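No experiment lies behind these values; they were computed from the predicted model shown. Throughout, protein chains are lettered first and strands after them, A, B, ... in sequence-line order, and every chain is numbered starting at 1. Reckoned from all heavy atoms, side chains included, excluding hydrogens, waters and symmetry mates.
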Amino acid sequence: MKIGIVDTTFSRINMGAIAIDELRNYAGVKYVRRTVPGIKDLPVEAKRLIEEEECDIVITLGWVGKAEKDALSYIALSVGKIIAELMTNKHIIDVTIHEDEAEDEKTLLMVAENRVREHVRNAVDLIRNPERLVKQAGTGQRQGYEDVGPIQR
Amino acid sequence: MKIGIVDTTFSRINMGAIAIDELRNYAGVKYVRRTVPGIKDLPVEAKRLIEEEECDIVITLGWVGKAEKDALSYIALSVGKIIAELMTNKHIIDVTIHEDEAEDEKTLLMVAENRVREHVRNAVDLIRNPERLVKQAGTGQRQGYEDVGPIQR
Amino acid sequence: MKIGIVDTTFSRINMGAIAIDELRNYAGVKYVRRTVPGIKDLPVEAKRLIEEEECDIVITLGWVGKAEKDALSYIALSVGKIIAELMTNKHIIDVTIHEDEAEDEKTLLMVAENRVREHVRNAVDLIRNPERLVKQAGTGQRQGYEDVGPIQR
Amino acid sequence: MKIGIVDTTFSRINMGAIAIDELRNYAGVKYVRRTVPGIKDLPVEAKRLIEEEECDIVITLGWVGKAEKDALSYIALSVGKIIAELMTNKHIIDVTIHEDEAEDEKTLLMVAENRVREHVRNAVDLIRNPERLVKQAGTGQRQGYEDVGPIQR
Amino acid sequence: MKIGIVDTTFSRINMGAIAIDELRNYAGVKYVRRTVPGIKDLPVEAKRLIEEEECDIVITLGWVGKAEKDALSYIALSVGKIIAELMTNKHIIDVTIHEDEAEDEKTLLMVAENRVREHVRNAVDLIRNPERLVKQAGTGQRQGYEDVGPIQR
């Protein structure tokens, strides 16, 4: 199995390094890492890793600023990542940190750390062990924060 | 007839299980089920089920959180599901629960339950019995809530 | 000439029936009618009618609810209908009723009735008599309401 | 050189006629004109003129109403015109009048008149004399209103 | 290495000239420059430079006005640039100045100058020296303004 990792220089946390660290827990998973300037550059790099580096899956690691304009870029990233997936029939797991989702930098760091690691696990499982995801269906997983859990009947 | 079911680990209700339960009412309908992390991962999985598993139709089961960012992801999902349909010429019935559409969890559970079941019925009919949908044209069907009904002349 | 008609079960007015009734005024126009659950299902059905049923043009008849979420679906529908057109090089005339565009149901019914009929006329003319549309260029046509007319010099 | 002109019946000004009048200043430029109902119908007609009528470039002339819904349609038009360009590798110059951009009809008429004429000039130059555009780079051109000019160092 | 530069006549700063000036620091980088009217014309010109002029990468230089409508055009540009990248598997570095991001023209000029130069450097490195970007991953680069830097552990 080969996984692509793409992060940005815009991000304030080295998300790519966290992803690679997490990958050490998985024997036999090769990876290729790329860094691009910002989130709108992620989709094409992901597609290149799938088509030119034969990655089975890619994780894109984005950081969205606080401005209104950043929200617009986030829409473009999201539509672009889905079109890249539809052109390749491969998953691209998009891990986004919104700079305004936590009140202080320490929390942001913790959220990013957890979210990246959990999505690396998701990406590996999507290829190797998709049944684990089926078992978690509807359980309110929240990567980065504590899971909210399922609604009880 | 073969139907694809894709739901998410983000959802707080096991929507895939409800869909599969509903399918028991239909003899001879085979299904394949997949679970992905979140709503932006649904379109490509739907396309894969159509192209790689030969599904005639797919139902995607999404859960949209309350944050502004979640609304942006919903746009991306919606555009993505339509592009996936246009690339395959197959229907992908998108069943979405918006976490803020009901006031309490109990109602949310009931809405989800009904909406999933009604759309499973729609999906089966689109393949086997499209005339039933034509008969319901303009009747104000509201999956999950009571139908609002047609405007009376 | 063959025209496709697609409407929804979500709509509170049988827009497809109005379109078919209007088509009686045009000799020699064949039609195929389909009904889908909601507006996000319209683009692929329109494309199928063009590619699999050899329609020269399709009219999609949508009903948009009052909620914020419905506006997001409307964007997806609009982008999707244009992509479907670009993939087929055929026109898909999108007739939309916004549930909040009139104050009472009676007016809504009248608007829908007029809008559908006028757009059926537009669709037929786009194929048979495109010069009629050129003659109406810049005249402020408003399907469903009274035309606002051209700005006078 | 052959140019496509597409306008709408929704517009309150005969923008196509203005474009054609402006073209009289250019010897040897052939044109084809089409009129469609509204702005969401422009992209596919532009693509047809490029692919079926061998136009080198197309000018789409749109009129956007004041309602919220009209802004949503404008996004769809804009995305659609760009996708049509990317599918054909030809420019489609989109000239849009927003009904609320001027306070009275007289001003709107003047803006539309100027904007259409200036963009016809742009379109001709993009094919025949692209160097003129390079000379105007960064000069704050505002088609329809007075140019704002470059920021002075 | 060959780089494409596309800017606009709408911009109030000659961004293309700045980009070309910056390129003097890089021996052996050839360039092609084009100017188009506005930001919605950038994606197709970028794609043409890649496909018809064999550019390895393109920098698009856009200027976004203050109006609501301009934000909508920015979404279309952003989605369009990503689709152009996905169709060519090449990067298109989008450099945008938002007219309202600085309080006075002098600051705007400085921001534009820096942002264009830094992104030219990014573009050259993406082709020649992608490892430099990897080294900057997560360091909070802010082209145009001072870098915000990484969040400290």
Side-chain angles (χ1 to χ4, degrees), chain A residues 5-20 33-48 50-52 61 63 65 67-69 71-88 97 99 104-110 112-113, chain E residues 43 50 57 59-60 64 68 70-101 115 118-123 125-126 130-143 145 147-153:
Chain A
I5 307 287
V6 196
D7 65 354
T8 68
T9 67
F10 184 90
S11 172
R12 299 188 62 201
I13 294 172
N14 192 331
M15 297 166 78
I18 298 170
I20 290 166
R33 185 210 184 152
R34 297 276 188 274
T35 301
V36 295
I39 55 173
K40 291 191 300 179
D41 306 311
L42 291 170
V44 73
E45 193 62 45
K47 181 157 175 276
R48 285 158 60 122
I50 291 167
E51 293 181 344
E52 299 172 7
L61 302 156
W63 183 275
E68 170 70 19
K69 169 210 153 192
L72 303 182
S73 295
Y74 176 72
I75 297 179
L77 157 66
S78 300
V79 171
K81 93 106 188 174
I82 292 174
I83 296 176
E85 290 176 303
L86 295 175
M87 290 170 87
T88 59
I97 301 294
E99 194 159 348
D104 57 83
E105 297 194 346
K106 196 177 166 182
T107 310
L108 216 47
L109 201 59
M110 188 201 70
E113 179 99 27
Chain E
I50 290 167
I57 192 166
I59 301 181
T60 54
V64 178
E68 170 71 18
D70 295 307
L72 302 182
S73 294
Y74 175 71
I75 297 180
L77 157 66
S78 299
V79 171
K81 94 106 187 173
I82 292 174
I83 296 176
E85 290 175 303
L86 295 175
M87 291 170 86
T88 60
N89 270 12
K90 302 287 185 194
H91 277 286
I92 297 169
I93 300 295
D94 180 41
V95 183
T96 303
I97 301 295
H98 294 260
E99 194 158 350
D100 57 4
E101 70 177 274
R115 188 171 295 161
E118 292 189 52
H119 272 306
V120 167
R121 203 149 52 230
N122 282 334
D125 282 337
L126 270 170
E131 281 308 305
R132 188 185 69 88
L133 287 157
V134 175
K135 274 172 203 145
Q136 292 192 336
T139 58
Q141 300 291 309
R142 292 293 178 276
Q143 293 80 16
Y145 294 99
D147 297 338
V148 294
I151 291 180
Q152 303 298 333
R153 282 172 190 265

Okay, E/Leu77 and chain A: the region with an atom under 4.5 Å from a heavy atom over there is neither
If one checks every heavy atom of A/Leu109 against chain E at 4.5 Å, the contacting part turns out to be side chain
Cut-off 4.5 Å, heavy atoms of chain A, and the answer for E/Ile151 is both
Applying a strict 4.5 Å limit to non-hydrogen atoms, the region of E/Leu133 in contact with chain A is both
Whatever's closer than 4.5 Å to a heavy atom in chain A on E/Lys81 counts as side chain
Taking A/Lys69 for the side chain and E/Glu101 for the main chain, is one N or O donor matched with an acceptor at less than 3.5 Å? no
* With side-chain contact (heavy atoms from CB on, under 4.5 Å) as the test, would you mind laying out the steps for A/Arg48 and E/His91 before giving the verdict? => CA-CA 10 Å; A/Arg48 285 158 60 122; E/His91 277 286; 4.0 Å; yes
Closest non-hydrogen atoms of A/Lys40 and E/Tyr74, given as atom of the first, atom of the second and distance, are NZ-OH, 3.0 Å
message = Could you tell me if the side chain of E/Pro130 sits less than 4.5 Å from the side chain of A/Thr35, heavy atoms only?
response = no
Okay, A/Ile5 and chain E: the region with an atom under 4.5 Å from a heavy atom over there is neither
Rounded to the nearest 0.5 Å, the CD atom of E/Glu85 sits from the CD atom of A/Glu45 at a distance of 9.5 Å
Between the OG atom in E/Ser78 and the CD1 atom in A/Ile39, the distance rounded to the nearest 0.5 Å is 9.0 Å
Rounded to the nearest 0.5 Å, the CD atom of E/Gln136 sits from the OG1 atom of A/Thr8 at a distance of 11.0 Å
Heavy atoms of A/Gly80 and E/Ile82 approach each other most closely as CA-CG2, 3.7 Å
Applying a strict 4.5 Å limit to non-hydrogen atoms, the region of E/His98 in contact with chain A is side chain
So, the part of A/Glu68 with a heavy atom under 4.5 Å from chain E: the answer is neither
Worksheet item: With the threshold set at 4.0 Å, does a side-chain nitrogen-carboxylate oxygen contact exist between E/Arg153 and A/Glu105?
Response: no
For A/Arg12 and E/Gly149 the tightest heavy-atom approach is NE-O, 3.0 Å
If one checks every heavy atom of E/Arg132 against chain A at 4.5 Å, the contacting part turns out to be neither
If one checks every heavy atom of E/Asn89 against chain A at 4.5 Å, the contacting part turns out to be both
Of A/Gly16, A/Pro43, A/Gly38, A/Gly65, the largest count of non-hydrogen pairs under 4.5 angstrom with chain E goes to A/Pro43
Closest non-hydrogen atoms of A/Asp7 and E/Ala137, given as atom of the first, atom of the second and distance, are OD2-CB, 3.4 Å
Max heavy-atom pairs within cutoff under 4.5 Å with chain E, candidates A/Asp41, A/Asn14, A/Val44, goes to A/Val44
Taking the side chain as C-beta and beyond, is there a heavy-atom pair between E/His119 and A/Pro37 under 4.5 Å?
yes
In short, E/Leu86 meets A/Met87 closest at the heavy-atom pair O-CE, 3.5 Å
